[in-house]
Amino acid sequence: MKKLILTLFYVWCFLLSICQAQQKEKWSDESVTLFTTLASLSIIDARQIFHMEEYRMYYDKLDITYAHEINPLIGKSPTVDRVILVKLLSNTATFYILNKMKEKNRKKVLIWYNALYLIIVLHNASLGLL
């Protein structure tokens, strides 16, 4: 079940990244690349959360605090369903908001959002979450 949900999540992120071509204002190639990168970073972050929970089960037995989730929407003890739901809703909202912007502003927001997500993913990777 977990693999099915994760696969559906990956497919959804991929489809969302390519569906933008059908929107009223055509996105530039740079914006498409930036949004695809953002979706990819979101998938990596979700996988890192799942990995963290796998480690947590082991480390909780040893009474060691290894890593914890700080996103209040996902919660301190995230479940696969909750992570996927939050990621789907947040990516959908992000896409909707970006689609309403002018291209110039969209690029700026995507650059900053990608930088933020990259920092999060690199921080998680520094904790050993791959």
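In this text, all values refer to a predicted model and were calculated from it rather than measured experimentally.
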Revision key, fill the gap. To the nearest 0.5 Å, atom NE2 of His123 lies from atom CD of Gln48 at 10.5 Å
Check your understanding: Do any N or O atoms from the side chain of Thr36 and from the backbone of Val32 form a donor-acceptor pair under 3.5 angstrom?
Key -> yes
Exercise for review: Please round to the nearest 0.5 Å and tell me the distance separating atom CZ of Arg47 and atom CD1 of Ile43.
Suggested key: 12.5 Å
Review point. Side-chain donor-acceptor pair under 3.5 Å between Asn114 and Thr37, yes or no?
Key: no
Practice item. Drop me the distance from Asp45's CG to Ser40's OG, to the nearest 0.5 angstrom. Key: 12.5 Å
**Study point:** Arg82 CZ to Leu73 CG distance, which is reported to the nearest 0.5 Å
**Key:** 8.5 Å
Practice item. Apply side-chain hydrogen bond (donor to acceptor under 3.5 Å, both in side chains) to Tyr117 and list each qualifying residue two or more places apart in sequence or on a separate chain. Key: Lys87
Study note, to complete from the structure: Taken to the nearest 0.5 Å, the spacing of Ile97 CD1 from Arg106 CZ works out to 12.5 Å
**Study point:** Exercise: identify the closest heavy-atom pair between Leu110 and Ser31
**Key:** CD1-O, 3.6 Å
Review point. With the 4.5 Å side-chain cut-off for hydrophobic clustering, are Ile119 and Ile49 part of the same group?
Key: no
Study note, to complete from the structure: d(Leu38 CG, Ile111 CD1) to nearest 0.5 Å is 12.0 Å
Revision key, fill the gap. On a heavy-atom basis, the closest approach of Tyr113 and Thr94 is CE2-CG2, 3.6 Å
Practice item. May I ask whether Trp27 and Trp112 are part of the same hydrophobic cluster, defined by side-chain heavy atoms of I, L, V, M, F, W, Y residues being less than 4.5 angstrom apart, directly or through others? Key: no
Point to revise | Nearest heavy-atom neighbours spanning Ile84 and Phe50 | key: CG1-CZ, 4.2 Å
